[in-house]
2 protein chains.
Amino acid sequence: MAKAEETGTYKGSGKLRPEEMIYQEMLDAILDRRLEPGMKLVEEDLAQTFGVSRARIRATFLQLAHDKLINLVPNRGAFVSEPTIDEAIEVFSARRMIEDGVARKVALGMTDERAAQIKNHLDREHDAHHRGDHRAAIILSGEFHLLLARLTGNLVIEEFLERLILRTSLIIAMYESPHPVDCSHTEHDELLKALTSGDPDIAAAEMSRHLDAIRDRLQLQRPKPGKTDFASIFGRTPKSAAS
Amino acid sequence: MAKAEETGTYKGSGKLRPEEMIYQEMLDAILDRRLEPGMKLVEEDLAQTFGVSRARIRATFLQLAHDKLINLVPNRGAFVSEPTIDEAIEVFSARRMIEDGVARKVALGMTDERAAQIKNHLDREHDAHHRGDHRAAIILSGEFHLLLARLTGNLVIEEFLERLILRTSLIIAMYESPHPVDCSHTEHDELLKALTSGDPDIAAAEMSRHLDAIRDRLQLQRPKPGKTDFASIFGRTPKSAAS
DNA sequence: GACAACAGGATTGTTAACAATTTTGCATGC
DNA sequence: GCATGCAAAATTGTTAACAATCCTGTTGTC
């Protein structure tokens, strides 16, 4: 997961491994849309950019491809993933299936200390929101879900959900509605309330509602069947072979 | 997933890609325990065995490591995973969390055709069992769960569960009780009954019960804290520096 | 006899060069 | 003008050699 703050320090002690560093950098670039969906990733160029050999770039590609963040085509190369609408819907559906269970488990194992931990995170979310730091808000929003996964105490779930959240971030970056209406942070408040209610069914229901809400805020219509509509992009009406 | 029958033919048309072939072969070997947990995997040896370069073996290692089937230690090499008891328990817990949701979704979307599809698979399971084909039974048992995941229509869930099932197979291979009591196939019958009941809660409960049962049939005690008990293995009492 | 230092061998990590494939640009013909 | 075919450039796929690291067995010292 991309870090909300102090990006660049890894493992604390300054002993950073180049492998993970490159993965992180490319990850951040993809989620920031500095690398746009569909963009070709040339091995040699990246190798020179990062000052490493092509072999390492290749290994990094395998990792990113495994996380579905890039697309590896034999003999053609690597491309930043362009999740389709169907894929986007599937990711949200998968998250619902898993995070319903997470919510149930967290609700059942709730303690005062854990509630405070969640509350603390919510404060940071609100803070970022009031600062107007949109990017930090998105990242913290993802980390909220990751925190819940961690509270289940199940590393398997945590790791898988981390990947799904990354994919979600890419999907949001790609399909985000132009006028950002991320009222998401208030929904997290509701979620905390449901999680502390003690009723796992309520918690699961609230989680489902929240994930559906995120999905529904996206522009997951289908205005891209076939070829790009350049006419609307450039604000013109198509002319047939203008003189 | 390892194939239950006709192992060796891939993609039907004879156009087999060496990359996937090697992954499959190593996968089968690990699940068969021809490659035992903890065993060192030397790149050069494997490269010669498969007649490919070390680079390809390395790439295959990354895949297997990502699926947690081998362990990659920097500067030391690759080792067949030795899932700890804690990890085993976590995997089952994770599967419960996910497959509860799967069971719910399948129960809600059940049709006669799908029920027949499941029934058909169960017949194959029973058949393998009556033939006494233990290996096929284990594989088919895993594919039963994969079939349910496929019936959710969610590729994300399907792929993740496929990996978890592979891990489970390794865990079973490692912790299986000596006297195989895989009465598992009757449990799958129960599961089908629950899935066709129309009540998602019943389906989820039955799935939980089933997964717990598999786990509880394993020998997940803790008789391995520290070093191996050679004395019991060789049926002797330890002597202090025998003359 | 136990322990530390050291050397040799084995194995992984990395780099660079070469081969195969795809893409691109251009010329040719209709 | 447009499509087809060809050749060159760019890019990926593969191999082999070299460097760095780790393991093992030995030697020397206390």
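Values in this document were obtained by computation on a predicted structure and should not be read as measured data. Order of the sequence lines fixes the chain letters, A, B, ..., with proteins taken first and strands second; residue numbering starts at 1 for each chain.
A:His210 has its side chain within reach of A:His145: a pair of non-hydrogen atoms, C-beta onward, lies under 4.5 Å apart. Looking only at side-chain heavy atoms (C-beta outward), A:Leu31 and A:Leu170 come within less than 4.5 Å of each other.
Per the geometry, CZ belonging to B:Phe79 stands 10 Å off C1' belonging to C:dT11, to the nearest Å. Going from atom CD of A:Glu43 over to atom P of C:dT14 covers 16 Å, rounded to whole Å. Atom CZ of B:Phe50 is separated from atom P of D:dT14 by 16 Å (rounded to the nearest Å). In this entry the distance linking CZ of A:Phe61 with C1' of D:dT12 reads 11 Å, nearest Å. In this structure, A:Gln48 atom CD and C:dT15 atom C1' are separated by 14 Å, rounded to whole Å. Between the C1' atom of C:dA10 and the CZ atom of B:Arg54 lies a distance of 11 Å, rounded to the nearest Å. The distance between atom CD of A:Glu44 and atom P of C:dT21, rounded to the nearest whole Å, is 21 Å. Atoms CG (B:Asp45) and P (C:dA10) sit 12 Å apart, rounded to a whole Å.
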(message) side chain to side chain contact (heavy atoms under 4.5 Å, CB included), that's the test. Do A:Met97 and B:Val102 meet it? Break it down for me.
(response) CA-CA 7 Å; A:Met97 237 186 280; B:Val102 169; 4.2 Å; yes
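Between A:Arg33 and A:Glu176 no salt bridge is recorded (no basic side-chain N to carboxylate O distance below 4.0 Å).
Proximity note for B:Lys40 (side chain, C-beta onward) versus D:dT11, D:dT15, C:dT12: the nearest is C:dT12. Among D:dT12, D:dT14, C:dT14, the nucleotide with an atom closest to any side-chain atom of A:Arg56 is C:dT14.
In this structure, A:His121 and A:Phe144 have tilted ring planes: the angle between them lies in the 30° to 60° band.
Note on B:Arg58: every side-chain N or O is 4.0 Å or more away from OP1 and OP2 of C:dT12.
At a threshold of 4.0 angstrom between heavy atoms, the contacts of A:Leu41 are confined to the sugar-phosphate backbone, with no base atom among them. Residue contacts for A:Leu72: at a heavy-atom cut-off of 4.0 Å it reaches no nucleic acid atom on any strand shown.
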Tabulated below should be each protein N or O lying under 3.5 Å from an N or O of nucleotides 20-24 of chain D; please produce it.
| unit_1 | atom_1 | unit_2 | atom_2 | d |
| --- | --- | --- | --- | --- |
| D:dT21 | O3' | B:Asn75 | ND2 | 3.4 |
| D:dC23 | OP1 | B:Arg76 | NE | 2.3 |
| D:dC23 | OP1 | B:Arg76 | NH1 | 3.3 |

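Here the closest heavy-atom approach between residue A:Pro83 and residue A:Met174 is recorded as CD-SD, 3.6 Å. Residues B:Phe79 and B:Gly38 share a closest heavy-atom pair of CD2-O, 3.7 Å.
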